[in-house]
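Since the structure is predicted, the reported quantities are computational estimates derived from the model, not experimental observations. Every chain is numbered from 1 and lettered A, B, ... according to where its sequence line falls, protein lines coming before strand lines. Worth knowing before you read on, the calculation uses all heavy atoms, side chains too, and leaves out hydrogens, waters and symmetry mates.
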Amino acid sequence: MSRLSVPCHVKGAVALQVGDMRTFQGRPGVVVIDVTFPSIEPFELQEITFKNYYTAFLTIRVRQHTSAHTPAKWMTCLRDCCLMPDPHSEDGAQEYVSLFKHQSPSVTFPKWLSHPMPCEQSALLLEGLPDPSRVSSEVQQMWALTEMIRASHTSTRIGRFDVSYLFPLLGLHCPEQVRPHSPLCYRWMAVMT
Amino acid sequence: MKCHRPRVGPGRPFSSCWRPVPAAWRARAGEMLQEESDLSLLIAQIVQKLKGSNLYAQLERQAWASLQRPEIRLESLKEDIKEFFKISGWEKKLQNAVYSELNVYPLPSHPAAPPEHLKEPLVYMRKAQGSWEKRILKSLNSMCTELSIPLARKRPVGQQKELLNKWNEMGTDEPDLSLFRPVYAPKDFLEVLINLRNPNYENGDSLSFRTHLGLIQVPLKVKDIPELKECFVELGLNIGQLGIDDSTQVPPEFFENEHVRIGQKVLAEQDSAAAQQYIRQGSPTALRAELWALILNISSQPEDLLYYEQLKTNVIQHDLLVDSLIYKDVKLTASNDDYYFVFEDYLYQVLLCFSRDTSVLGHFAYNSASPPKSYIRGKLGLEEYAVFYPPNGVIPFHGFSMYVAPLCFLYHEPYKLYQTFREMYVRFFFRLHSISSHPSGIVSLCLLFETLLQTYLPQLFYHLREIGAQPLRISFKWMVRAFSGYLATDQLLLLWDRILGYNSLEVLAVLAAAVFAFRAVNLMEVTSLAAAEAVLADLSTLKVMPLLQIFLFATVT
């Protein structure tokens with residue numbers, strides 16, 4: 001069976017920001033790239049190939065039009081696929097990557113598209129810890145604030161941010177060294193890189 | 001392939017293939033399917049490589065010859081020949097050749113990856129290497145024009161005869177080399193490494209947690225002591241080592257006798273993989289030459305002697321500018337060394353031939369460096385008139401001859417010495433003077449050294465920084481030369497045993513850190529770079545294996 005490349009249009013990367021923060025200094029760690037397929041005929045996507053450039057984790061979501069009557073649904077086919085085992089180092093940073101689907105002859109649609117990934121409940125890790133999304137948005141806001149202040153060269157003294165309950169031993173600059181396994185830190189690490 | 005222990009295999013572990021699949025997926029998609037196709041690709045690559053080799057021709061000849069034998073029957077031809085190969089030892093030779101390929105060549109990369117990606121995946125490192133090469137070439141060309149000496153010329157017949165006559169005593173020659181200077185020295189190369197920056201990695205102007213406190217500022221992944229302990233498990237405290245357990249106080253029945261016996265068995269079996277595993281605990285002096293040859297898969301065939309003689313003829317017939325650089329280097333370094341000055345003549349015989357050996361060009365497929373290209377006069381830019389200069393593509397730098405010198409203790413026939421050096425160079429030494437992100441590359445070694453020192457001896461590191469004696473400035477020259485010329489020869493050979501055993505140069509960085517740890521008390525008292533260098537000037541009394549063992553396994557982490 002011969003393989004052909006499917007023409008696709010890759011839109012420019014759009015950065016996602018948390019909350020309402022409208023700041024240009026804050027460097028968000030999540031970027032979205034839209035890929036559209038102009039061809040109208042249906043096709044079976046076998047492989048996605050790209051060259052990485054310092055992306056640590058990749059999520060792929062697909063919007064599929066099944067029929068004229070049902071609205072198009074978004075499905076997650078790949079969540080947080082790790083491209084860089086250590087986002088702070090160069091491993092995997094500029095590697096060529098291929099993502100495959102598994103051939104499943106009994107199913108009309110490729111299996112990976114028809115079964116969205118269930119939301120992972122990492123409940124065990126999060127017992128007794130503050131809500132990650134709240135912490136994430138707070139820390140990201142503070143980071144953006146730091147960047148703004150650094151850029152505006154103000155001479156007024158800034159009091160210490162009260163983050164002591166989050167990072168008891170380290171200063172604001174080293175959040176990722178705490179609890180390296182939590183989802184918060186993964187996203188944070190993507191910010192840092 | 002999955003069961004292959006990663007540390008014995010090639011530099012990049014098998015699992016870092018170009019196809020990442022999340023865990024949940026793998027179970028459904030069938031890991032075996034993808035692994036099988038990766039394996040087929042690897043097998044195809046190795047078969048392709050071996051097809052052009054001498055071994056292939058020999059196996060073919062043997063297969064044809066075996067048809068005469070009574071036990072080979074037509075109806076089961078394939079199996080019978082395979083059986084014959086197994087019994088006669090040819091299968092073992094093939095296994096050794098395959099093992100050698102796995103050790104030396106990187107895994108097949110992604111089909112979309114260009115050849116440069118295999119040399120070096122990071123674009124900014126490739127660029128840095130390219131600029132460095134341009135500088136070296138410029139330096140060489142300017143020396144050429146200043147001295148009005150051609151890069152290469154044919155020797156007049158009289159000179160050829162003269163050189164042939166004194167081939168075995170080229171050291172007695174005293175040519176005027178005062179105008180020649182080495183193209184670069186290790187400290188020049190260090191400056192280039194210090195200035196390496198990843199354009200995607202923003203440190204900001206001020207010192208932040210992301211700035212490395214040492215000299216190397218690129219964020220390569222290096223191992224910490226727990227990972228090193230796992231990697232170098234055979235150097236552990238409760239495992240016998242040559243270099244420790246063969247000292248005069250220890251009765252040989254405890255370890256040494258048995259170890260020698262096993263070594264002899266390994267040699268009798270002629271198994272490369274077993275030899276590589278064995279040598280991690282050190283090699284007995286009497287067996288070392290053969291063990292290294294086995295691990296490097298060097299078999300001295302008549303063809304190899306002929307090849308060396310051909311190179312010798314090339315040396316006689318043509319004079320290259322790099323020859324003068326080699327002469328100068330040997331005179332400046334090895335001839336002045338108490339251990340190696342006796343081998344001066346051998347060094348010329350090896351290095352002059354090395355410069356002309358075009359088979360070395362093959363290693364540029366996985367070396368981030370590229371051989372300098374030169375064009376025939378008047379034909380600049382035309383590819384048909386391009387030649388590599390020197391023919392082997394390697395421009396020697398100050399101290400290069402020290403890579404060869406220790407081998408002279410092991411091999412006495414020049415062609416064997418030559419083969420071993422060439423193999424050591426294309427496996428290990430080239431990494432010490434080219435800019436790459438490989439875990440055994442000099443950049444990673446420097447970063448590993450600095451990180452180990454900073455993590456486990458922070459007070460010492462900080463003190464040395466404060467007095468303007470960045471530790472890497474002192475240890476760099478040790479690592480670039482793989483400690484040759486700094487350690488006593490027996491200790492150096494024990495160290496190089498481990499380089500071969502683990503197929504990695506990381507042990508050099510660990511030793512450098514261990515040396516600093518050993519002399520930490522004295523170093524804490526110095527107040528200048530010169531004084532720090534004086535403390536670390538003489539390493540000839542050091543015992544390498546106890547230092548490594550204590551640093552890795554007896555330090556509180």
Asker: Examine the side chains of A:Q94 and B:Y124 and answer whether a donor and an acceptor come within less than 3.5 Å of each other.
Answerer: no

Asker: Could you tell me the separation between the CG atom of A:D86 and the NZ atom of B:K221, rounded to the nearest 0.5 Å?
Answerer: 4.5 Å

Asker: Is the closest side-chain heavy-atom distance between A:E95 and B:H117 below 4.5 Å?
Answerer: yes

Asker: Is B:Q459 atom CD crowded by more than 12 heavy atoms from other residues, nucleotides or ligands, each under 6.0 Å away?
Answerer: no

Asker: Taking the side chain as every heavy atom from C-beta outward, state whether A:E90 and B:P219 have any pair of such atoms under 4.5 Å apart.
Answerer: yes

Asker: Is atom OH of B:Y462 surrounded by more than 12 heavy atoms (other residues, nucleotides or ligands) closer than 6.0 Å?
Answerer: no

Asker: A:T49 versus B:H110: any side-chain heavy-atom pair under 4.5 Å?
Answerer: yes

Asker: Can you pull out every salt bridge (charged side-chain N to carboxylate O under 4.0 Å, His left out) where at least one residue sits in residues 427-449 of chain B? Sequence neighbours excluded, please.
Answerer: B:E423-B:R427

Asker: Provide the closest heavy-atom pair for A:Y96 versus B:P114 in the form atom of the first, atom of the second, distance.
Answerer: OH-CD, 3.1 Å

Asker: Contact part of B:V123 toward chain A, heavy-atom cut-off under 4.5 Å: side chain, backbone, both or neither?
Answerer: both

Asker: Can you tell me how far the CG atom of B:L122 sits from the OH atom of A:Y53, to the nearest 0.5 Å?
Answerer: 9.5 Å

Asker: Does a sphere of radius 6.0 Å around NZ in A:K73 hold more than 12 heavy atoms from other residues, nucleotides or ligands, not counting ones at 6.0 Å or beyond?
Answerer: no

